[in-house]
Amino acid sequence: MKFHLTAVCLLLLTSACSEQNKSDTPTAPPGTQLHTIEHNGITREYIAYIPDSYNADTPVPLLFNFHGYGGNASEFMAYADLRPQAEAHQFILVYPQGTLLAGTSHWNAALPGNDNKSSADDFGFIDALRTHLASQYQIDLNRVYAMGFSNGGMFSYALACYHSANIAAVAAVAATMLATDCSYTHPMGIISLHGSDDTVIPYQGNHDYLAVTQVLEYWINANGTETAPNTRLATDNGTEITHLTYPNGMGHVSVEHYRVDGGGHSWFNFDFQGQSANQLLWQALAQYDIHGQRQTNLSH
């Protein structure tokens, strides 16, 4: 498995790296690579991992994983690394880079308006990137997923809310939704992980952010799932983790949530009944395509 970047590009997404990697070709070798595309007159960067198992004759899923506020794609990939899952389950993994807002990288997770301080067209960027990647690789466009941490998780929720026609399911870690005026087009599988002691995006919410329970309630109602969850408990190194599943929504989708007692604002690496957090995230997303739960899952 080729989990390396070039030495120059490993530390930061720099303009020198961008120039060095501007050429995208359908025959790009497997491994971890930095690329750029032009969108709205801006050079946008992303890191792509193409598994060794990729076969151009077989369409594969695509997963976007978005860094948090102030983050960059290369550092985020280092601690939110789903490349082992991409290799094992044959999907293309992409870590896009946000643009700067007042000198800090971010994702614009809201529609244009007087209250939105960002003018970044991140919705358009991801639509363009999805189209671009589909021209380079055999991608199953019914199985495009969004995942993110903090501000990146907010953006994943926003994609589910406003651009659901292109997104099959989303996962959010230490994140909340900024708005609930959604215009989704299909039932949306949701998985969230959140620490009970998060002081950046509080579990209970505050005057800036919806509480985790409010976000769950929104998607429970939107998907028409059962309102009483199935509950599983596990303990990892003294940390109690509660897994709530709200099943039987339209299209057989579920809303899932992992509450990490005492957990802060972080990307979690816990073990839950023998599975890592990253394994659980991919497993939850992979159940779905754009129509709801996949037939292969319904048969089991």
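The shown structure was predicted, so the numbers you read here are calculated from the model rather than taken from an experiment.
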Enter the distance from [X]:[atom1] to [Y]:[atom2] here, rounded to the nearest 0.5 Å.
X      : Y      : atom1 : atom2 : result
Phe268 : Thr239 : CZ    : OG1   : 9.5 Å
Leu244 : Asn230 : CG    : CG    : 9.5 Å
Glu217 : Asn221 : CD    : CG    : 7.0 Å
Leu93  : Trp282 : CG    : CH2   : 9.0 Å
His39  : Asp127 : NE2   : CG    : 8.0 Å
His186 : Ile167 : NE2   : CD1   : 8.0 Å

I want to know whether [X] and [Y] have ring centres closer than 6.0 Å.
X      : Y      : result
Tyr95  : Tyr49  : no
Tyr69  : His106 : no
Tyr137 : His35  : no

Does a side-chain heavy-atom distance below 4.5 Å link [X] with [Y]?
X      : Y      : answer
Phe149 : Asn65  : no
Leu63  : Val94  : no
Leu141 : Ile139 : yes
His257 : Thr245 : no
Leu280 : Phe270 : yes
Asn166 : Val144 : no
Ile241 : Thr235 : no
Met154 : Met177 : no

| Partners passing side chain to side chain donor-acceptor pair (under 3.5 Å) against Asn116 (at least two apart in sequence or in another chain) |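 Listed in chain order: Asn108.
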
| request: Using side chain to side chain donor-acceptor pair (under 3.5 Å) as the criterion, list what pairs up with Ser105, not counting sequence neighbours. | output: none

Can you find a side-chain donor-acceptor pair between [X] and [Y] that sits under 3.5 Å?
X      : Y      : value
Gln275 : Gln283 : yes
Glu45  : Thr36  : no
Tyr162 : Asp181 : yes
Ser150 : His265 : yes
Thr231 : His243 : no
Glu256 : Tyr246 : no

| request: Could you tell me how the ring of Tyr184 sits relative to the ring of Trp219: parallel (under 30°), tilted (30 to 60°) or perpendicular (over 60°)? | output: tilted

| So Phe76 and Tyr79, would you call those rings parallel, tilted or perpendicular, with 30° and 60° as cut-offs? | perpendicular

So, [X] side chain and [Y] main chain: donor-acceptor pair closer than 3.5 Å or not?
X      : Y      : result
Trp107 : His67  : yes
His252 : Gln293 : no
Thr104 : Gly70  : no
Asp289 : His291 : yes
Asp122 : Phe125 : no
Tyr54  : Gln138 : yes
Ser156 : Gly152 : yes
Gln287 : Ala284 : yes
Ser118 : Ala120 : yes
Tyr209 : Val200 : no

Non-hydrogen atoms of [X] and [Y] that approach each other most closely:
X      : Y      : answer
Ala86  : Pro51  : O-CB, 3.7 Å
Cys161 : Ala179 : SG-O, 4.5 Å
Leu159 : Ala146 : CD1-CB, 3.9 Å
Val253 : Tyr288 : CA-CE2, 3.6 Å
Asn142 : Ala168 : O-CB, 3.6 Å
Asn72  : Ser74  : OD1-OG, 2.8 Å

| query | How far apart are the C-alpha atoms of Thr180 and Gln214, what are their side-chain angles, what is the distance that settles it, and do they pass the side chain to side chain contact (heavy atoms under 4.5 Å, CB included) test? | reply | CA-CA 10 Å; Thr180 56; Gln214 291 176 291; over 6 Å; no

| query | side chain to side chain contact (heavy atoms under 4.5 Å, CB included) between Asp197 and Tyr203: does it pass, once the steps are laid out? | reply | CA-CA 7 Å; Asp197 291 358; Tyr203 197 95; over 6 Å; no

| task | Inspect the contact between Asp121 and Arg44 and indicate whether a charged nitrogen and a carboxylate oxygen are less than 4.0 angstrom apart. | result | no

| task | Run the numbers on Arg259 and Val212 for side chain to side chain contact (heavy atoms under 4.5 Å, CB included), then give the verdict. | result | CA-CA 10 Å; Arg259 173 190 165 103; Val212 171; over 6 Å; no

Same cluster for [X] and [Y] if Ile/Leu/Val/Met/Phe/Trp/Tyr side chains link at under 4.5 Å?
X      : Y      : value
Val170 : Leu216 : yes
Leu133 : Ile290 : no
Tyr145 : Tyr258 : yes
Val215 : Leu178 : no
Tyr46  : Ile92  : yes

| message | Going by salt bridge (Lys or Arg N to Asp or Glu O under 4.0 Å), name the residues that satisfy it together with Arg130, two or more places apart in sequence or in a different chain. | response |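 Listed in chain order: nothing, the list is empty.
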
| request: Just do the side chain to side chain contact (heavy atoms under 4.5 Å, CB included) check on Leu281 and Leu193 with the steps written out, would you? | output: CA-CA 9 Å; Leu281 286 165; Leu193 281 63; 3.5 Å; yes

| field | Intermediate values then yes/no, ring-ring contact (aromatic ring centres under 6.0 Å, His included), Phe155 and Phe123 | value | CA-CA 9 Å; Phe155 184 60; Phe123 294 127; 5.4 Å; yes

| request: Would you verify whether the NZ or CZ of Arg143 falls within 45 degrees of the ring axis of Phe91 while also being under 6.0 Å from that six-membered ring's centre? | output: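 Judged by the rule (NZ or CZ under 6.0 Å from the ring centre, within 45° of its axis), Arg143 is not positioned above Phe91.
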
